[in-house]
Amino acid sequence: RITPEALAFTGINPDSELRQAVPETVAFQDLFGEVRQRSKAHECKRAILVGHNAHFDHGFIRAAETRHQLKRNPFHSFTSIDTASLAALVLGHTVLAEACRRANIGFDARQAHSAAYDAEKTAELFCYMVNLWGKYKDHAKDLIL
């Protein structure tokens, strides 16, 4: 169920032939299989979901898992990393476009709210913040303790 308000905000056309849509069950089976395969290759038992407002995405995945009775969800059941929260701490803003701007990551508002584009920008933002933490983590220990 998609509300007209959500479609107006995102500009998404659910009927567009460019979407290459597949049934939700197939999409999640493919996603779970790919994540399980990559997790195994890195000797991980569970994957950690990283997302901008990861709580929403985590809930969406869990609901689809239940709705379609999917088995072997590769994502950790209660742990996720939220780049919106990290961006609030590191960059002083939670909105993806503004957080990217503050991190000097190019952001095209016309492409925003496309799943692939937002995921790419979220990944860039996550890497920026993790790398920044790596650069200053030794100094941060003094502040935390």
Side-chain angles (χ1 to χ4, degrees), residues 1-137 139-140 144:
R1 290 172 273 170
I2 305 172
T3 66
E5 296 82 12
L7 293 177
F9 177 76
T10 63
I12 294 171
N13 176 1
D15 300 317
S16 171
E17 292 179 15
L18 299 174
R19 291 186 66 229
Q20 301 176 344
V22 297
E24 186 180 57
T25 306
V26 173
F28 275 98
Q29 288 170 337
D30 290 351
L31 172 68
F32 284 9
E34 181 72 21
V35 173
R36 277 194 305 270
Q37 186 177 53
R38 289 179 185 227
S39 295
K40 185 177 181 180
H42 292 281
E43 300 178 4
C44 298
K45 294 187 185 304
R46 287 278 182 243
I48 302 293
L49 174 73
V50 176
H52 207 73
N53 191 5
H55 178 75
F56 172 83
D57 296 329
H58 211 216
F60 183 83
I61 291 170
R62 298 292 300 258
E65 176 186 18
T66 300
R67 187 168 47 253
H68 299 295
Q69 300 176 346
L70 298 171
K71 303 294 181 208
R72 300 178 50 229
N73 182 340
F75 294 102
H76 194 283
S77 62
F78 56 83
T79 300
S80 59
I81 299 175
D82 180 28
T83 57
S85 297
L86 288 176
L89 175 66
V90 175
L91 301 165
H93 212 285
T94 60
V95 174
L96 181 59
E98 180 59 20
C100 285
R101 186 189 71 74
R102 292 181 182 198
N104 293 316
I105 296 170
F107 193 90
D108 182 356
R110 293 169 297 172
Q111 294 186 63
H113 303 295
S114 148
Y117 186 78
D118 286 0
E120 180 181 306
K121 292 302 169 180
T122 296
E124 285 182 57
L125 182 63
F126 176 72
C127 290
Y128 171 84
M129 292 186 291
V130 167
N131 290 331
L132 191 64
W133 171 254
K135 186 175 178 180
Y136 294 107
K137 70 180 178 218
H139 301 291
I144 295 169

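This one's a predicted model, so the numbers in the text were calculated from it and none came from an experiment.
Residue pairs meeting the salt bridge (charged side-chain N to carboxylate O under 4.0 Å, His left out) criterion with at least one member in residues 121-133, sequence neighbours excluded: K121-E124. Screening residues 75-90 for side chain to side chain donor-acceptor pair (under 3.5 Å), with sequence neighbours left out, gives H52-T83, H76-T79, D82-S85. The list of salt bridge (charged side-chain N to carboxylate O under 4.0 Å, His left out) pairs with a residue in residues 41-56, not counting sequence neighbours, is empty. Within the structure, side chain to side chain donor-acceptor pair (under 3.5 Å) pairs that include any residue of residues 100-110 comprise E98-R101, E98-R102, D108-R110, D108-Q111 (at least two apart or interchain).
Within a 6.0 Å sphere centred on CZ of R67, heavy atoms belonging to other residues, nucleotides or ligands number more than 12. Residue F56 qualifies as open at atom CZ: its count of foreign heavy atoms under 6.0 Å is 12 or below.
To the nearest 0.5 Å, atoms CD (Q29) and CD (E24) are separated by 11.0 Å. Between the CZ atom in F126 and the CD1 atom in I81 there is a gap of 4.5 Å [rounded to 0.5 Å]. Atoms CG and CD, from L31 and E34 in turn, are 8.5 Å apart once rounded to the nearest 0.5 Å. Taken to the nearest 0.5 Å, the CG atom of L49 stands 5.0 Å off from the CD1 atom of I61. Rounding to the nearest 0.5 Å places CG of L86 at 11.5 Å from OG1 of T122.
Using cut-offs of 30° and 60° on the angle between ring planes, the pair F28 and F32 is perpendicular.
A donor-acceptor pair under 3.5 Å is absent between the side-chain atoms of H42 and the main chain of C44, judged by distance alone.
The side chain to side chain contact (heavy atoms under 4.5 Å, CB included) test applied to A47 returns V35, S39, F75, not counting sequence neighbours. Under the side chain to side chain contact (heavy atoms under 4.5 Å, CB included) criterion, V26 pairs with V22, P23, D30, not counting sequence neighbours. Applying the side chain to side chain contact (heavy atoms under 4.5 Å, CB included) criterion to A87, with sequence neighbours excluded, gives L91, A99, L125, M129. Looking at residues two or more places apart in sequence or on another chain, you find a side chain to side chain contact (heavy atoms under 4.5 Å, CB included) between A112 and F107, D118. Residues passing the side chain to side chain donor-acceptor pair (under 3.5 Å) test with T25 are H68, sequence neighbours excluded. In this structure H113 satisfies the ring pair (Phe, Tyr, Trp, His ring centres under 6.0 Å) test together with F9, sequence neighbours excluded.
Contact record, Y117 with G106: OH-O, 4.1 Å, taken as the closest heavy-atom pair.
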